[in-house]
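In what follows, a structure is listed as structure tokens, so that the remarks can point back to it.
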Amino acid sequence: MLALTVREGDYVTIGDEVVVQVLRAGDTFRLAIDAPRSMAIERAKVHEPCSGVPDCIQRARKRPLIKTAKQQPGTRL
């Protein structure tokens with residue numbers, strides 16, 4: 001799993017066909033995801049009841065939070 005610190009307007013690409021951009025940051029984030037229609041994109045509250053929690057998320061939840069002077073509270077390295 002890759003964890004990044006991002007700001008409004010930042011984006012990441014996944015392969016050649018997927019772009020995820022941060023539209024708004026703050027207490028809540030607003031993301032824009034541009035991906036092929038054939039690719040399933042589900043929010044956790046939709047995905048987890050049907051398929052369970054993905055392994056990468058389970059591992060991340062088990063790791064202790066590590067705080068540094070530059071990190072916001074509650075973020076992971």
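Everything numeric here is computed off the predicted structure, so don't read it as measured data. If you read the sequence from its start, that first residue is 1, and numbering goes on from there.
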Heavy-atom pair of closest approach, residues Q58 and V53
NE2-O, 3.0 Å

Could you pull out the closest heavy-atom pair between V46 and C50, with the gap in Å?
O-SG, 3.9 Å

Y11 side chain near V20 side chain, heavy-atom distance below 4.5 Å
no

Nearest 0.5 Å, please: how far is CD in Q21 from CD in E8?
10.0 Å

Less than 4.5 Å apart, any side-chain heavy atom of H47 and any of P54?
yes

Is any side-chain heavy atom of M39 less than 4.5 Å from a side-chain heavy atom of V18?
yes

Residue pair L31, L23: steps toward the side chain to side chain contact (heavy atoms under 4.5 Å, CB included) verdict
CA-CA 6 Å; L31 299 175; L23 298 179; over 6 Å; no

Heavy-atom closest contact (P49 atom, A44 atom, distance)
CD-O, 3.9 Å

Heavy atoms of E17 and P36 approach each other most closely as OE1-CG, 3.3 Å

Look at the side-chain heavy atoms of Ile, Leu, Val, Met, Phe, Trp and Tyr, link any pair under 4.5 Å apart, and say whether I14 and I57 land in one connected group.
no

Drop me the distance from T13's OG1 to D34's CG, to the nearest 0.5 angstrom.
11.5 Å

Sub-4.5 Å side-chain heavy-atom contact between V12 and V19
no

